[in-house]
Structures are given as C-alpha cells and as structure tokens.
Amino acid sequence: MSPIDFKNNFPRHIAIIMDGNGRWAKRRFLPRVFGHRQGVQTVKNIVRAAHKLKIEVLSLYAFSTENWKRPAEEISSLFDLLLTFIKKDFEEFNENKVKLRILGDLSKFPQNIQFEIENVLEKTKNNDGLQLNIALNYGSREELLRAFRVLKEKNIEALSESAVSDLLYTAGQPDPDLLIRTSGEMRVSNFLLWQTAYSELYFTDKMWPDFDGQDLEAAIIEYQKRQRRFGGL
Ligand code: FPP
C-alpha cells in the first residue's frame with residue numbers, strides 16, 4: 001500500500017456512514033446491541049486515528065431521523081451508549097483538543113442526553129484540534145428545509161449557495177472531501193446531501209465494528225488516487 005501523502009491532496013473533511021452493527025452481531029449469533037457496543041469502540045478508534053492523522057473535520061452519522069422507527073429497546077440501548085460516550089469517553093478527546101459539534105435536532109432526545117451534550121459542547125468550544133461532528137436525529141432534507149424556512153422568514157432575496165451553506169449544521173466548515181460507508185451498502189441515506197455534492201465516495205464491505213485505523217488510511221490512499229474535477233476538465 002502506498003503511503004498517505006500528507007502534503008498534497010489530503011482530505012480536510014471525512015464523513016462516515018457507520019453501517020453494519022446489526023449484521024456484525026447477527027453473524028455472531030449475538031443481540032444487535034452487542035454490535036452497537038462494538039461500534040462505539042470503533043468510533044473511539046476512528047476518532048483517535050483521525051486525531052493522529054490531523055484530519056480537520058470528521059462527521060459521523062450516529063442516529064438518523066429515520067432511526068426512530070427502530071424498536072424502543074434498541075433506541076434505548078443506543079441512547080445509553082451515547083450517554084457513556086459523551087460523559088466518559090469524551091474526556092480523553094477533550095484532552096486531545098477535540099471539539100464537538102452536533103448535526104441535527106437534539107430536542108427530541110431525553111433531557112439527560114441533551115444536558116450532557118450541552119456540557120461537552122461548552123467544555124470543548126475553544127478546542128482547536130479535530131472538529132468532531134456527530135449527527136443525531138439528523139436528516140439532510142430536514143436540514144435543508146430548516147435552512148429554506150429561515151431564508152423565507154427573513155425574506156432573503158439574494159439566494160446563493162453560501163447563504164444556504166451558512167444555515168446548515170455544518171456552517172463554516174469545509175465540505176466533506178470523502179464520504180465513507182461501511183457494510184457494502186451503496187447509498188447516501190439522507191446524509192449531508194448538499195455538502196457532499198462533490199465528495200468522493202468510498203464503499204467498503206467491512207462492517208462498522210470491524211473498521212479500523214488502517215481501513216481509514218486505505219480510504220484516504222484510494223481518495224488520493226482519484227482526480228477531483230468539480231465538473232471541469
Ligand atoms: C448502523 O448499523 C449503525 C447505527 C444506526 C448506529 C450507529 C451508532 C453507533 C456506532 C453507536 C453510537 C454512536 C456514538 C457516536 C457513540 P445498523 O444497526 O443499521 O446495522 P445493520 O444495517 O447491519 O442492521
């Protein structure tokens with residue numbers, strides 16, 4: 001494997017659709033929650049790897065607006081994992097200057113989760129390391145509608161791409177250069193539709209719990225082989 005070129009064409013923003021936790025567990029005859037639990041270990045490893053690689057922005061799709069359709073029991077165990085991650089695991093990331101941002105509408109989440117997240121947002125707001133975006137109750141169409149409503153309310157005449165971008169949860173951040181999806185599924189599933197207009201897509205058959213730092217590096221190396229033309233020649 002050729003090494004990563006850190007000087008040229010290095011991705012500033014990597015977005016990941018973390019898929020396959022359930023199938024990972026099923027293959028091992030385990031309940032789905034075991035897959036999610038292992039999935040959180042992967043989240044931690046990938047945040048560490050992104051920090052080491054000095055990636056500017058990492059966006060992780062943790063809970064979509066469609067995920068509310070899952071059984072209450074599964075949702076509740078995802079919430080428990082999220083709470084532990086935010087309360088305990090984030091301490092290490094804070095020491096490494098990781099800054100948290102939430103993409104999505106948190107108001108539907110239990111009060112204690114909202115409280116702990118607000119706490120970490122406040123604690124990490126001046127950090128200047130990796131910008132970690134966690135998408136929670138996130139849907140791209142919803143995000144765009146929210147932006148369009150503001151534009152309409154403010155009666156903004158001069159519509160522009162940057163006026164829309166500035167109203168998205170990712171305001172001020174570079175668009176993802178690379179979008180990764182694990183588990184062999186080849187869809188973008190309502191994730192960052194506006195922001196990934198020119199992103200390179202990378203699909204791997206690995207289930208999210210099996211994805212590791214080396215897989216992230218392999219995706220970056222593949223990305224660096226691609227020629228991005230942004231519609232030009
Ligand atoms: C997809 O696997 C994964 C999710 C819907 C949730 C992702 C959540 C985590 C990795 C844990 C919580 C996150 C954080 C940031 C602490 P799936 O269940 O859809 O897998 P399947 O398609 O095989 O059923």
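For ligands, and for the atoms within them, numbers begin at 1 and follow the listed sequence. All values below were derived from every heavy atom in this structure, side-chain atoms included, with hydrogens, water molecules and symmetry-related copies excluded.
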Under 4.0 Å from a heavy atom of Arg32: which atoms of ligand 1 are those, numbered in the order shown and with their elements? 17 (P), 18 (O), 24 (O)

If you count heavy atoms of other groups shown closer than 6.0 angstrom to CD of Glu73, is the number above 12? no

Any donor-acceptor pair under 3.5 Å linking the side-chain atoms of Ser140 with those of Trp194? no

Could you go through the side-chain contact (heavy atoms from CB on, under 4.5 Å) check for Arg23 and Arg28 one step at a time? CA-CA 9 Å; Arg23 277 163 288 162; Arg28 288 162 179 76; over 6 Å; no

May I ask you to check whether Phe109 and Trp68 place their ring centers less than 6.0 Å from one another? yes

Within a strict 4.5 Å, meaning less than it, do heavy atoms of the Met18 and Tyr61 side chains meet? no

Looking only at distance, does Val43 have an N or O less than 3.5 Å from an N or O of ligand 1? no

Heavy-atom contact under 4.0 Å between Val40 and ligand 1? yes

Nearest protein heavy atom with distance in Å, relative to atom 13 (C) of ligand 1: Ala62 CB, 4.0 Å

Ligand-side contact atoms (ligand 1) for residue partner Phe85, heavy atom cut-off under 4.0 Å: 16 (C)

Per-atom contacts, ligand 1 versus Gly22 - under 4.0 Å to a heavy atom: 17 (P), 18 (O), 20 (O), 21 (P), 23 (O), 24 (O)

Options Glu74, Glu66, Met18, Gln41, ranked by nearest heavy atom to atom 4 (C) of ligand 1, top entry: Met18

Can you tell me which residue among Arg101, Gln195, Glu56 is in a side-chain contact (heavy atoms from CB on, under 4.5 Å) with Gln173? Arg101

The atoms of ligand 1 lying under 4.0 Å from a heavy atom of His36, numbered in the order shown, are 18 (O)

Asn21, any N or O under 3.5 Å of ligand 1 N or O: yes

For the ring pair Phe191 and Tyr138, is the centre-to-centre distance below 6.0 Å? yes

Would you say the side-chain atoms of Thr204 and Arg181 include a donor-acceptor pair closer than 3.5 Å? no

Measure from atom 19 (O) of ligand 1 to every heavy atom in Arg27, Met207, Arg70 and give the option owning the shortest one. Arg70

Can you check whether Asp19 has an N/O within less than 3.5 Å of an N/O in ligand 1? yes

Any N/O of Arg23 closer than 3.5 Å to an N/O of ligand 1? yes

